[in-house]
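Okay, so here's the structure we're looking at.
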Protein chains: 2
Amino acid sequence: MTGEPAKKPSRIQIRNRRRILDAALEVFSQHGYRGATLDQIAEAAGMSKPNLIYYFDGKAAMHVAVLNTLMEEWLSPLAAIDEAGEPLEEILTYVRRKMEMSRKFPRESRLFANEIIQGAPRMGPNLESGLKPLFDEKCVLIQSWVDDARLAKVDPQQLIFSIWAITQHYADFEAQVRVLIEDETAGWKAADAHVETLFRKLLVPEITSD
Amino acid sequence: MTGEPAKKPSRIQIRNRRRILDAALEVFSQHGYRGATLDQIAEAAGMSKPNLIYYFDGKAAMHVAVLNTLMEEWLSPLAAIDEAGEPLEEILTYVRRKMEMSRKFPRESRLFANEIIQGAPRMGPNLESGLKPLFDEKCVLIQSWVDDARLAKVDPQQLIFSIWAITQHYADFEAQVRVLIEDETAGWKAADAHVETLFRKLLVPEITSD
DNA sequence: TCTGTTTTTTACCATTTGGTAAAGGCACGA
DNA sequence: TCGTGCCTTTACCAAATGGTAAAAAACAGA
């Protein structure tokens, strides 16, 4: 029923596909889909343009491949929020992991940012099917924590948006941050401390009287 | 010393320049600099492509013109933070005005976001000369408020980043927000309340004992 | 080593795109 | 009414860009 035999990919295929995806990530994240050219990607991947087409069925397919490849990893910190854990600590851990990802994978962050800002023209369905269910699930979980007074009263949806906005800001708007903050290392340290404080103050549950 | 005589622009010039800038804003904000085409802008402006070039010296010049035209207005809420005002109320007013701008001028927000994400290749100097002085000035002000215990201890730079990140998120990532939030009107209301709470909790000064 | 298959490259090509040349249209004062 | 100078458009162009054809090169199994 699956149509094609789907032969096992050779070692060369695996290596080259990886190289192309990495090059594509580099170029797409810096210039956006439209601004990226196959020549740029080819050069970054160290191979000729037609060879890209040999491995991926055109520019659009390459873009989708990059997005899909990274999507799961990108959402893994959210997925890792544990129902059984201590609510405040779970959320703060999530925040810390997001900050870490902004630092380690700014290209991935900008790739998604570019796509979303431009209206997610090539990722729309993926948002519905991949992101939305996970988002909804975690919102329900956080709401239950709020209802049990284990977190301060907060709108789970808005909370997650805030976390995304702040943590990804450091990667997405890095060019601006760099202009405004002289010492980069100190800046990151201050950012970590600030974000920790901010969400702690927002989320620490009130002392109830009953 | 100013070189050209700089004749007064005719009514037609004023009208058409405005129309072009608006069309350019529309197209640039949706597709980014590279993704936008002169044909798209021409169509949006309701005139022929060479006519654009008659009014603006090429695509890059148009982009810079749009950015510069909007820069001042975009920063006006930050500039409006008043040294003489009540600290917490000043900051919250700033936050509210930023939220309002996200709602009313999402195109402007996305225009800047696109530019910054891609490394501000055409706006770099403008950030240094236009944004940085204002940013530094307001950081000093906020720091003085903190030192006087009129605000909770907070890193002014990080505070401003947080405000930008959260408020602009609703405009820049609207495509994502729309997928995840069903009721748009309710979403905006919740956003307003959430943002208000978040920054109030962060900034309300501790009761000091001495 | 020989052979069939996979991988890669060298020309190409059609379209798109930023920009130009030059002529036509139009408003407005003399 | 007639120029005169501002405005606008119709062709065009050269470069860039996504993609193809087909041959060369590298590779793997017998």
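Chain letters run A, B, ... following the sequence lines, proteins first and then strands; every chain starts at 1. Just the heavy atoms: all of them, side chains too, but no hydrogens, waters or symmetry mates, feed the values below.
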Kindly point out which of [options] is positioned nearest to the side chain of [X]?
| X | options | result |
| --- | --- | --- |
| A:Lys59 | D:dT10, D:dG18, C:dT10 | D:dG18 |
| B:Lys49 | D:dT8, C:dG19, D:dG19 | C:dG19 |
| A:Tyr55 | C:dT8, C:dT20, C:dT10 | C:dT8 |
| B:Thr37 | D:dT9, C:dT8, C:dG18 | C:dG18 |

| Any A:Leu180 side-chain heavy atom under 4.5 Å of B:Phe161 side chain | yes

| Just wondering, do B:Trp74 and B:Lys98 contact through their side chains at under 4.5 Å, heavy atoms? |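 A side-chain contact under 4.5 Å exists here.
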
Would you kindly give the [atom1]-to-[atom2] distance between [X] and [N], to the nearest whole Å?
| X | N | atom1 | atom2 | value |
| --- | --- | --- | --- | --- |
| A:Asn16 | D:dA26 | CG | C1' | 13 Å |
| B:Leu52 | D:dT10 | CG | P | 14 Å |
| A:Ile14 | C:dT6 | CD1 | P | 15 Å |
| B:Glu43 | C:dG18 | CD | P | 14 Å |
| B:Asp57 | C:dG19 | CG | P | 8 Å |
| B:Ile20 | D:dT8 | CD1 | C1' | 11 Å |
| A:Arg17 | C:dT6 | CZ | P | 13 Å |
| A:Leu38 | D:dG19 | CG | P | 6 Å |

| query | Which of parallel (below 30°), tilted (30 to 60°) and perpendicular (above 60°) describes B:Phe135 and B:Trp164? | reply | tilted

| task | Quick one: sort the A:Phe28 and A:His63 rings into parallel, tilted or perpendicular, breaks at 30° and 60°. | result | perpendicular

Can a side chain N or O of [X] be found less than 4.0 Å away from OP1 or OP2 on [N]?
| X | N | value |
| --- | --- | --- |
| B:Arg34 | D:dT17 | yes |
| A:Asn51 | C:dT10 | no |
| A:Tyr54 | C:dT9 | no |

| request: Show the numbers, then the answer: is there a salt bridge (charged side-chain N to carboxylate O under 4.0 Å, His left out) between A:Arg96 and A:Glu100? | output: CA-CA 6 Å; A:Arg96 284 184 214 111; A:Glu100 199 185 326; over 6 Å; no

| task | Using a 4.0 Å heavy-atom cut-off across all strands, classify A:Ala36 as base, sugar-phosphate, or nothing. | result |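 Counting heavy atoms under 4.0 Å across all strands, the contact made by A:Ala36 is with sugar-phosphate only.
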
| request: Starting from the 5' end of DNA chain D, give me the residue, A:Ala60 or B:Ser48, whose nearest nucleotide shows up first. | output: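 On the 5' side of the pair lies B:Ser48.
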
